S.K.: 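Please read through the structure below; I'll follow up with questions.
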Amino acid sequence: MLQRLVLLLVVLGLAACASGRGGTPLYRRDIGTATGPDAINLAEQVIHRYGYQIEQADTTPAIHIVTHWRPRQTMQDEQALGITAAENRILVMGRARGLTELGGLYHLTMTIENRVQVAGEANWTETLNTEMFRSYADGITDDFRQLVANIGVRRF
């Protein structure tokens, strides 16, 4: 069992090096800048669109939204590595950037945490992300980024 886990970690490490993407199980992307209400509303839209449920949301002094862990289908490249189960959760962070007539502006980042189970192991493992997982996560962050970019100009 332990040998399988070590082999999995070595293979994932080599895959990450070969892809030039580094060695972290976290997938984090900058999203853009939005007002507090827009940031929260748009984050909730994306979170619910992908079937996640919010576990905790704090909005003062910074925006911090965390979802529950959500099981998902293992991806083909994960299955090839012996991964039998996978789940993710989303974290949206907003750091204050300044004030406007609309209120506070926040710089937004989205992190998608990925953990997996290897055949024969009971514990969850946070490993390096596969190419197919990164593609899945790209879709979520791209949707969020697009919503933030398309807020438009507000008139009063």
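Because the structure is a prediction, the values reported are computed rather than measured.
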S.K.: Applying salt bridge (Lys or Arg N to Asp or Glu O under 4.0 Å), name anything that partners Asp142, two or more places apart in sequence or on another chain.
M.R.: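 Here the qualifying residues are Arg145.
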S.K.: Pairing donors with acceptors under 3.5 angstrom, does anything connect the side chains of Tyr50 and Asp143?
M.R.: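 On atom types as modelled, these side chains qualify, holding a pair under 3.5 Å.
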S.K.: Roughly how far, to the nearest 0.5 Å, is CG of Leu105 from CG of Leu99?
M.R.: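 Rounded to the nearest 0.5 Å, the CG-CG separation comes out at 8.0 Å.
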S.K.: Only one of Val116, Asn114, Asp77 clears side-chain contact (heavy atoms from CB on, under 4.5 Å) with Thr130; which?
M.R.: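 One option only clears the test, and that one is Asp77.
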S.K.: Any heavy-atom pair between the side chains of Met93 and His64 that's under 4.5 Å?
M.R.: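 Side-chain contact under 4.5 Å: yes.
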S.K.: The criterion is side chain to side chain donor-acceptor pair (under 3.5 Å); which residues satisfy it with Gln73, sequence neighbours excluded?
M.R.: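 With neighbours one apart ignored, the set is empty.
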S.K.: Any side-chain heavy atom of Glu78 within less than 4.5 Å of one from Met132?
M.R.: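 Result no, sub-4.5 Å side-chain heavy-atom pair not found.
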S.K.: Heavy-atom count check: over 12 atoms from other residues, nucleotides or ligands less than 6.0 Å from Arg97 CZ?
M.R.: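 Atom CZ in Arg97 is crowded, with more than 12 foreign heavy atoms closer than 6.0 Å.
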S.K.: Going only through I, L, V, M, F, W and Y residues with side-chain contacts under 4.5 Å, is there a path from Leu91 to Phe144?
M.R.: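 Different clusters.
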S.K.: Taking the side chain from Arg72 and the backbone from Asn88, do they hold a donor-acceptor pair closer than 3.5 Å?
M.R.: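 Absent.
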S.K.: Nearest 0.5 Å, what's the CZ-CG distance between Phe133 and Asp138?
M.R.: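 Separation between the atoms: 9.5 Å.
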S.K.: Less than 4.5 Å apart, side chain to side chain, heavy atoms only: is that true for Thr33 and Val148?
M.R.: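 The answer is no; the side chains never approach within 4.5 Å.
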S.K.: Let me confirm one number: the OG1-CG distance from Thr35 to Asn41, rounded to the nearest 0.5 Å.
M.R.: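 The OG1 atom of Thr35 sits 9.0 Å away from the CG atom of Asn41.
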S.K.: How far does CD1 of Ile31 sit from OG1 of Thr109, to the nearest 0.5 angstrom?
M.R.: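 If I round to the nearest 0.5 Å, the distance is 7.5 Å.
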S.K.: Can you list everything that forms a side chain to side chain donor-acceptor pair (under 3.5 Å) with Thr74? Sequence neighbours excluded, please.
M.R.: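 Partners of Thr74 under the side chain to side chain donor-acceptor pair (under 3.5 Å) test: Gln79.
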S.K.: Nearest heavy-atom pair of Ala34 and Ala39: which atoms, and what distance?
M.R.: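 Between these two residues, the closest heavy atoms are CB-N, 4.1 Å.
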S.K.: Same cluster for Leu42 and Ile54 if Ile/Leu/Val/Met/Phe/Trp/Tyr side chains link at under 4.5 Å?
M.R.: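 Yes: a chain of side-chain contacts under 4.5 Å links Leu42 to Ile54.
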S.K.: May I ask you to decide if Gln146's main-chain N or O and Asn150's side chain share a donor-acceptor pair within less than 3.5 Å?
M.R.: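 Such a contact is found between Asn150 side chain and Gln146 backbone.
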S.K.: Is the closest side-chain heavy-atom distance between Asp30 and His107 below 4.5 Å?
M.R.: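 Touching, per the 4.5 Å side-chain cut-off.
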S.K.: Just to verify, which of Ile40, Ile47, Val46 counts as forming a side-chain contact (heavy atoms from CB on, under 4.5 Å) with Glu44?
M.R.: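 Going through Ile40, Ile47, Val46 one by one, the side-chain contact (heavy atoms from CB on, under 4.5 Å) with Glu44 is satisfied by Ile40 alone.
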S.K.: With a 4.0 Å cut-off, would you call Glu126 and Arg115 a salt bridge?
M.R.: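 No, Glu126 and Arg115 are not salt-bridged.
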S.K.: So, applying side-chain hydrogen bond (donor to acceptor under 3.5 Å, both in side chains) with Arg89, which one of Gln53, Glu55, Glu113 is it?
M.R.: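 Testing each of Gln53, Glu55, Glu113 against Arg89, the sole residue satisfying side-chain hydrogen bond (donor to acceptor under 3.5 Å, both in side chains) is Glu113.
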S.K.: Please tell me whether Val92 and Ile151 are part of a single hydrophobic cluster in this structure, the criterion being side-chain heavy atoms less than 4.5 Å apart.
M.R.: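 Linked, Val92 and Ile151 end up in one cluster.
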S.K.: How long is the span from the OG1 atom in Thr59 to the OH atom in Tyr106, to the nearest 0.5 Å?
M.R.: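 These two atoms lie 7.0 Å from each other.
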S.K.: Give, for atom OG1 of Thr127 and atom CD1 of Ile83, the distance between the pair rounded to the nearest 0.5 Å.
M.R.: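 These two atoms lie 5.0 Å from each other.
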S.K.: Other residues, nucleotides and ligands only: do more than 12 of their heavy atoms fall within 6.0 Å of CZ on Arg49?
M.R.: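 Yes - once you tally the heavy atoms of other residues, nucleotides and ligands closer than 6.0 Å, there are more than 12.
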